[in-house]
Amino acid sequence: MRIAYFHCFAGISGDMTLGALVDAGLDWEQLKSDLAKLPLTGYQLQMEKVIKQGISGTKVHVLTEEGHVHRHLRDVQEIISNSTLPEVVKEKSIQVFTRLAEAEAKVHQTTIERIHFHEVGAMDAIIDIVGSVIGLWRLGIEEVYASPVHTGTGFTECAHGIMPVPAPATMELLQGVPIYSQDIEKELVTPTGAAIITAYCKNFGSMPPMRVDNTGYGAGEHDLVIPNLLRLTIGEKLDQVGSDGHIRYGGKGDVHQGQALMMEANIDDMNPEFYDYLINKFLKAGAMDVFLRKIQMKKNRPAIVLSLLIRTHQLETFYQQIFAETTSIGVRVYPVTKYMLPYEIRTVQTKLGQAKVKVARYQDSLRNVAPEYEDCRKLAEEQQIPLKEVYDIIKYEAYQQLEQKDHS
Ligand SMILES: O=C([S-])c1cc(C(=O)S)c[n+]([C@@H]2O[C@H](COP(=O)(O)O)[C@@H](O)[C@H]2O)c1
Ligand code: NI
């Protein structure tokens with residue numbers, strides 16, 4: 001499972017979140033073209049690389065000509081609903097704004113229908129929030145975690161006048177979240193940042209075990225005595241790292257469940273030489289699996305079903321690639337639920353040498369040991385032994401070692 005960890009050592013705001021997402025690999029041009037799907041004009045998006053206390057990060061600027069506006073929640077909802085963004089993005093963005101409205105309503109003792117946003121409903125806040133939702137969706141983040149949140153202290157000036165830090169709406173949004181201040185007299189967490197992180201975050205604490213793919217830094221406005229950055233780390237969630245250093249995927253013992261999409265296209269008119277190239281291309285682009293089946297179509301035409309198992313956020317990427325690279329002009333897409341045994345990758349020492357094996361367990365019993373093909377191929381080539389023999393030896397010796405460990 002792909003997860004994100006936000007390290008909020010200098011707080012969190014909407015533009016820091018957007019900067020961190022871009023710094024961690026969100027495609028800038030893609031983000032701009034996604035945001036252009038909102039019925040909003042009169043803004044410009046800019047990004048720049050900045051250095052904060054020697055650390056490089058991305059600062060996103062949302063430049064608008066908008067004067068002081070008072071939007072209600074329903075105005076923001078309408079803007080988002082009237083966009084051509086995917087439903088998941090619209091729903092999550094509206095959820096974040098609804099959280100903001102609830103916090104504002106509580107602070108100003110009114111209702112979410114009546115509350116009018118000042119700064120937090122301005123165009124830059126809409127861009128920050130919808131952009132952050134797009135970013136997490138585009139990067140395929142399935143779960144979000146965060147550190148305890150550094151809030152800052154003192155006072156800040158806004159449309160309401162002078163406010164204590166954390167601002168009342170921020171404080172309301174941070175109910176139940178571990179927060180702290182180290183006497184930095186700045187507003188480190190804004191209502192927008194607090195609404196985004198609390199709408200997503202599963203747990204505020206230390207970083208869960210993960211295999212890191214990318215880290216990005218989103219820069220805040222001011223220069224502080226600490227690096228004014230929000231650090232975002234993206235990677236694959238590991239359910240456990242044992243004291244032996246072995247990594248376990250998918251928890252201990254129980255079958256775990258995940259959602260994915262199956263894309264299929266029936267192809268009867270493409271040069272079969274292309275399939276090898278396409279399978280590699282789709283796998284490199286992040287498909288979880290790609291496979292072919294022979295079928296007999298109407299008029300007795302022999303054909304191929306090209307199937308791709310993909311993550312839900314990859315839909316657009318892959319239908320574009322299928323239409324661009326194959327002769328297909330239509331794809332079927334359906335949601336699938338995957339049930340998976342937890343597994344771990346272990347390196348075993350055998351009489352032929354070292355090899356990795358994938359070890360699957362159900363509860364506490366060993367269910368499968370699969371030697372890694374590439375390691376076996378290398379050993380077979382190096383030692384001029386038939387591949388199937390190498391495979392059997394690795395599997396047998398791995399079983400013996402693992403069973404011995406389990407019983408000791
Ligand atoms: O716009 C509104 S209603 C607003 C409410 C509050 C409360 O705490 S109530 C605070 N603020 C301040 O506005 C700026 C901008 O916030 P963003 O989240 O849009 O970056 C910030 O100083 C808030 O504390 C605005
Ligand atoms: Ni307010």
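Just follow the structure's listing: the first ligand is 1, and inside any ligand the first atom is 1.
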Open item on the list: So, taking the atom named CD in Gln77 and the one named CD1 in Ile94, what distance separates them when rounded to the nearest 0.5 Å?
Closed with: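 Between atom CD of Gln77 and atom CD1 of Ile94 there are 5.5 Å.
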
Examine the side chains of [X] and [Y] and answer whether a donor and an acceptor come within less than 3.5 Å of each other.
| X | Y | result |
| --- | --- | --- |
| Thr192 | Asp128 | no |
| Lys237 | Tyr145 | yes |
| Gln182 | Tyr180 | no |

TODO: Answer yes or no: is there a side-chain heavy-atom contact under 4.5 Å between Arg231 and Thr233?
DONE: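 Counting from C-beta outward, Arg231 and Thr233 do come under 4.5 Å.
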
Open item on the list: So, using salt bridge (charged side-chain N to carboxylate O under 4.0 Å, His left out) as the criterion, who are the partners of Asp392 when residues are at least two apart?
Closed with: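 Listed in chain order: nothing, the list is empty.
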
Interfacing atoms of ligand 1 (cut-off 4.0 Å, heavy-atom, [X]):
| X | value |
| --- | --- |
| Glu104 | 2 (C), 3 (S), 4 (C), 5 (C), 6 (C), 7 (C), 9 (S) |
| His108 | 9 (S) |
| Met163 | 6 (C), 7 (C), 8 (O), 9 (S), 10 (C) |

Open item on the list: Looking at Lys202, I want to see if its NZ is surrounded by more than 12 non-hydrogen atoms of other residues, nucleotides or ligands under 6.0 Å.
Closed with: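 Counting other residues, nucleotides and ligands, NZ of Lys202 stays at 12 neighbours or fewer.
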
Task: ligand 1 contact on Cys158 by region, counting heavy-atom pairs under 4.0 Å - done: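 Just the side chain.
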
- [ ] Determine, using heavy atoms of Ser13 and all atoms of ligand 1, whether some pair is separated by less than 4.0 Å.
- [x]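 No, Ser13 has no heavy atoms under 4.0 Å from ligand 1.
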
Open item on the list: Measuring from non-hydrogen atoms of Pro168 to any atom of ligand 1, is the shortest distance under 4.0 Å?
Closed with: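 For ligand 1, residue contact (heavy atoms, under 4.0 Å) with Pro168 is present.
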
Got an N/O contact under 3.5 Å between [X] and ligand 1?
| X | result |
| --- | --- |
| Ala169 | yes |
| Glu187 | yes |
| Thr192 | yes |

- [ ] Please indicate how many protein N/O/S atoms are found closer than 2.8 Å to the Ni ion (ligand 2), with waters neither displayed nor included.
- [x]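 N, O or S atoms of the protein closer than 2.8 Å: 3.
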
TODO: Please name all residues satisfying side-chain contact (heavy atoms from CB on, under 4.5 Å) with Phe155, sequence neighbours left out, ordered by chain then number.
DONE: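 Scan of Phe155 (side-chain contact (heavy atoms from CB on, under 4.5 Å), adjacent residues dropped) gives Ile162, Pro164.
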
Task: Those residues that, when tested against Ile226, pass side-chain contact (heavy atoms from CB on, under 4.5 Å) (two or more places apart) - done: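 Listed in chain order: Ala10, His150, Ile184, Leu224.
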
